[in-house]
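Working notes, beginning with the structure itself.
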Amino acid sequence: MGAIAIRTDIPGPRSRALVARRTAAVPRGVAHSTTVFAESADGVRVTDVDGNVFLDFAGGIGVMNVGHSQTSVVDAVKRQAERFTHTAFSVAPYEGYITLAERLARITPGTFAKKTLFVNSGAEAIENAVKIARHATGRPGILCFEDGFHGRTLLTLSLTSKVAPYKLGFGPYIGDVLRVPYAYCYRCAYARSFPDCTIACVSAIEDHFKRHMDPQTIAAAVIEPVLGEGGFVVPPLGYLREIAALCREHGILLVADEIQTGFGRTGRMFACEHDGVEPDLLVTAKSLAAGLPLAAVVGRAELMDSPGVGGLGGTYGGNPVACAAAHAVLDEFERGDLLRRSEAIGVRIEARARAWAQQFAIVGDVRRRGAMVGVELVRNRDTREPAKHETDDVIRLACERGVLLIAAGTFGNVVRFLTPLTISDDELDEGLEVMTGCLAVASAAIAQR
Ligand SMILES: Cc1ncc(COP(=O)(O)O)c(C=O)c1O
């Protein structure tokens, strides 16, 4: 018997009642991709308030790499909550914060001396990375990339590259931002093809330096090693290395946004490792603490020490319960087989996605690094017209049939996989089978147009 159990219409009556209350009490700006309300979750399975059981292929947006309600995480959280939940690290500090900083220094790329700052969210961590880079270099500018996503605060929105819904009506944004194309080979900004292009999108940045911004005024390049919200865009190996070399040449600090790619998602602990790149500052969040709000900036000690005493911090940053959860997550990685499993999961999804590409013309591109797999859907393979509405239909149908999925991409036409890395092959196959049916429906709808 499979894991999925759909017992009511989706959404069921209790979820529908909550949708009505939610509409009255919560602003519409807080979006959700499904209308099923969670009651409990375990491993890869989410049970809703109507008793329906779903396979979670979204992992709370890449947060649950070690699985829902992982016993060691729950125990660590309980133990810490019984001791104390908060003193403020800036009032009465505690050892768990320091040990976690020590552990992150050990497992992030680079053997140089490092220090770590803990904050509450990915966006807050990016904000702090930019503050530290500006302080350390005395330069104001930031280099960022098209189709990148770095958060929803005003500074991170300035770096984020998607107007609707993220940026619409919230400006003005900070100046001193230079945005250049990412190595999005399926939609290459320079109409070139890899490998013949020899990754020309990096050398083209020199041209931007001449036309738009003096590199000597740029503090940092903020880059995702694989684009997350921007469509699970996997650049060619070597791309990040070339970006790192360009940064070194101009004295620009490299800030790797590993918020979505970190903690095993790409088959390595951090995605930078695929290219042998050691960023000056590495930003992480999401799967760091299995759902407790915690984010970190790990960086070269001398840079991290640049801001003066009191220049960094916040009331909740490095909350002791969140730190305890993160220790349990790191224990899971040390003890377990999660990195090997990440690659195996990705291989299995990719094999199925390549079969979809043979079967369904709607599949335009399949790309993968580790378990980070994106399937880009198009209305026409020649024009590559994004199949946004059809992607929405696939997500909705999948939910009705028991799989929680989310989309990505500037055009909203990429199905992304963020399953917990604890998923079994049987659970994976069951979810992929559901998706085959959903893609068949979406493909047929396009054929009938
Ligand atoms: C690559 C990346 N950077 C930054 C963020 C923002 O993180 P948060 O939502 O925790 O503020 C996200 C969130 O999806 C992300 O994927």
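Start at 1 and go down the list; that is how both ligands and their atoms are numbered. Note that the numbering runs from 1 along the sequence shown for the chain.
Under 4.0 angstrom from ligand 1, there are no non-hydrogen atoms of E124.
Taking CG of L100 as the reference point, atom NE2 of H327 lies at 4.5 Å (rounded to 0.5 Å).
At least one heavy atom of A123 sits less than 4.0 Å from an atom of ligand 1.
H135 and S306 share a side-chain donor-acceptor pair at under 3.5 Å. Using modelled atom types and a 3.5 Å distance limit, the side chains of E427 and S424 yield a donor-acceptor pair. Side chains of H250 and E206: a donor-acceptor N/O pair is present below 3.5 angstrom, by distance only.
In this structure, atom 3 (N) of ligand 1 is in close contact with the protein, since a protein heavy atom lies within 4.0 Å of it.
For atom 14 (O) of ligand 1, the closest non-hydrogen atom on the protein side is K286 NZ, 2.9 Å. For atom 7 (O) of ligand 1, the nearest non-hydrogen atom of the protein is G122 CA, 3.4 Å. Protein heavy atom in closest approach to atom 16 (O) of ligand 1: Q260 NE2, 2.7 Å.
Backbone and side-chain nitrogen or oxygen atoms of I259 are examined, and none is located within less than 3.5 angstrom of a nitrogen or oxygen of ligand 1.
Residue contact check: E224 has heavy atoms under 4.0 Å from atoms 1 (C) of ligand 1. Distances below 4.0 Å separate heavy atoms of D257 from the following atoms of ligand 1: 1 (C), 2 (C), 3 (N), 4 (C).
A side-chain donor-acceptor contact under 3.5 Å links R22 to the backbone of V26.
Ring centers of F149 and Y166: under 6.0 Å apart, within the cut-off. Taking the centre of each ring, F89 and F118 stay at or above the 6.0 Å mark.
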